[in-house]
Amino acid sequence: MIIKNAGYDRSHLTNFDLLGSDEVGLSKAFAYTLGHEPKFLYKFLRFIGLKVKFNLGNFQQVEISTEKVVKEGRIDINIYRKKTFQVIIECKVRKNRIGKQKTQYLSAFEKDAKHRILCFIAQENSSRKSSSGNIRVVDLTWSDVLSAFDEKSFWDNQIAGNFFRFALRGFAMRSRKEILVQDLGRAEEVRKFYECLVYRRNVIFGNPQYFAPHFTRSAKQEKGEGIPCVARILGILTVAPRNIGQFKTDLMRFAEEKGNKAPECVERWMDGVKKDKGAKEYTYFFLDEPVYLKVPLKKDGTIKPGRGKNWIAAAIPPNRCVTFEEFLRRIVKTC
């Protein structure tokens, strides 16, 4: 692993990157963040349905361990407060799925734990909650977890922010926000989209799955104003343009499904970022080839109360996301 590339004044890596890019590394990074940031821990506990009161006194009573060996096996993350609650977390990444662990750890809970939760976090699980006797079973995706912390205060926290960046960059995760819709009007940003498949914003939070550019009148597109296409977001980085060379490995990971065309795709992305200059950080979205619509989608131009609900109207605010359901409904409406 290259810790710092020649020609740069600092490393782009965080301490979490040293843990590696497997599920053990991710679970340890997650546990470390839970153990060092009380608000992060209690946000997660409430998210999985545990009604706990947050204060530093309660936090001091909580024990968090990784790779805990019990007779039933090896627990990825164990969160335990004596005579109160216990949460056993099993982590999976990429194509790995939950198998025998569904029942393996049901007998691993401490007898004095009044509230017991067995939580599975994978990349391809369906989110659902069920129970097994007095043990609540919670199935989540890592996207669910990241979505739960999609707040500026968490991203601004050094430890939590580094964990999010580690998870997003190293494991190409996405939150459940679906289609990012933003105005494109400036000529250089339009060229960057078409020629380099890159979209740039000031630093923002959240991780949508698709990007739909809304070309403004000033963009002077052949089909006029509106949304002519949608492109899958293959990766997201917040980086200063002059440092993009340090992230080539991450870009290759984003483009890995392109096979032998991955290097070409990465060079195209890098050319797009390099069109910007300086040390200021931006959030860059690295896109797949767009899929074009027969008829561009328009903003809600009515004057009715509540116009633009679940859609777009007037000036599009930063980080505006819409659902696939609403996007498809608009497509059908235009046909």
Side-chain angles (χ1 to χ4, degrees), residues 12-14 16-17 21 26 29-30 33 93-94 123 141-152 154-158 160-184 189 192-193 196-214 229-258 262 265-276 280-290 316-324:
H12 68 290
L13 299 177
T14 71
F16 293 134
D17 289 285
S21 58
L26 182 60
F30 186 49
T33 307
V93 299
R94 300 187 178 91
Q123 280 185 258
T141 66
W142 284 105
S143 293
D144 296 326
V145 174
L146 294 181
S147 294
F149 294 97
D150 188 13
E151 300 174 18
K152 188 176 186 298
F154 287 114
W155 280 84
D156 285 345
N157 178 278
Q158 183 177 9
N162 281 344
F163 170 72
F164 299 146
R165 293 180 184 93
F166 167 67
L168 288 167
R169 190 172 73 244
F171 300 88
M173 294 180 181
R174 303 288 179 271
S175 75
R176 301 191 72 175
K177 288 187 173 180
E178 296 176 345
I179 304 175
L180 174 68
V181 180
Q182 297 287 259
D183 279 330
L184 276 187
E189 294 303 319
K192 196 180 296 180
F193 172 78
C196 303
L197 296 179
V198 168
Y199 172 62
R200 187 200 81 180
R201 285 297 313 274
N202 288 328
V203 176
I204 60 173
F205 311 97
N207 309 282
Q209 297 170 299
Y210 288 81
F211 173 61
H214 177 273
C229 60
V230 61
R232 190 159 55 109
I233 298 171
L234 298 181
I236 305 171
L237 289 176
T238 296
V239 60
R242 71 180 187 184
N243 292 331
I244 189 60
Q246 295 197 73
F247 292 85
K248 191 168 184 177
T249 299
D250 301 292
L251 295 176
M252 284 296 296
R253 189 180 298 118
F254 296 159
E256 62 185 0
E257 67 181 61
K258 296 292 186 180
C265 180
V266 169
E267 289 303 318
R268 193 175 177 185
W269 288 339
M270 291 182 67
D271 287 344
V273 175
K274 289 175 181 178
K275 292 182 185 296
D276 300 321
K280 181 180 178 180
E281 287 193 336
Y282 298 97
T283 297
Y284 288 93
F285 296 82
F286 302 97
L287 309 173
D288 201 352
E289 293 287 347
I316 301 176
N319 210 21
R320 179 70 175 104
C321 289
V322 301
T323 64
F324 280 112

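- Ion pairing between R253 and E256 fails under the 4.0 Å rule for side-chain N and carboxylate O.
- L197 has its side chain within reach of P290: a pair of non-hydrogen atoms, C-beta onward, lies under 4.5 Å apart.
- We find the CD-CZ distance between E257 and R232 to be 4.0 Å, quoted to the nearest 0.5 Å.
- The minimum heavy-atom distance between I233 and F285, with the atom names listed, is CD1-CD2, 3.7 Å.
- Looking at every heavy atom in both residues, F16 comes nearest to A29 through CD2-CB, 3.6 Å.
- Looking only at side-chain heavy atoms (C-beta outward), F247 and M270 stay at 4.5 Å or farther from each other.
- Counting all heavy atoms, side chain and backbone alike, Y284 lies closest to V198 at CD2-CG1, 3.7 Å.
- Not a single donor-acceptor pair under 3.5 Å links the side chain of N157 to the backbone N or O of F154.
- Looking only at side-chain heavy atoms (C-beta outward), V273 and Y282 stay at 4.5 Å or farther from each other.
- For W269 (side chain) and L287 (main-chain N/O), a donor-acceptor pair under 3.5 Å exists by modelled atom type.
- The shortest side-chain heavy-atom distance between F163 and T14 does not fall under the 4.5 Å cut-off.
- Between K248 and E267, some side-chain heavy-atom pair lies under the 4.5 Å cut-off.
- Smallest separation of non-hydrogen atoms from D183 and H214: OD1-ND1, 2.8 Å.
- Taking each heavy atom of L237 and I244 in turn, the nearest pair found is CD1-CD1, 4.4 Å.
- Residue A262 comes nearest to A255 through the heavy atom pair CB-O, 3.4 Å, listed as atom of the first residue, atom of the second, then distance.
- In this pair, F324 and Y210 present their aromatic rings perpendicular. The plane angle is above 60°, beyond the 30 to 60° band.
- Rounded to the nearest 0.5 angstrom, T283 OG1 and Y199 OH are separated by 10.0 Å.
- Side-chain contact between H12 and N243: absent, with no pair of heavy atoms (C-beta onward) separated by less than 4.5 Å.
- At a threshold of 4.5 Å between non-hydrogen side-chain atoms, the residues D276 and K192 count as touching.
- The CG atom of L251 sits 10.5 Å away from the CG atom of L234 when rounded to the nearest 0.5 Å.
- Comment: R268 engages E289 in a salt bridge, judged by a side-chain N to carboxylate O separation of less than 4.0 angstrom.
- Distance NZ/K280 to CG/N202: 4.5 Å, rounded to 0.5 Å.
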Between K258 and D288, does a side-chain contact (heavy atoms from CB on, under 4.5 Å) hold up when you go through it step by step?
CA-CA 9 Å; K258 296 292 186 180; D288 201 352; 2.4 Å; yes
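- The CG atom of D17 sits 7.5 Å away from atom CG of D250, with the distance rounded to the nearest 0.5 Å.
- Checked by atom type and distance alone, the side chain of E178 never pairs as donor or acceptor with a backbone atom of Q209 at under 3.5 Å.
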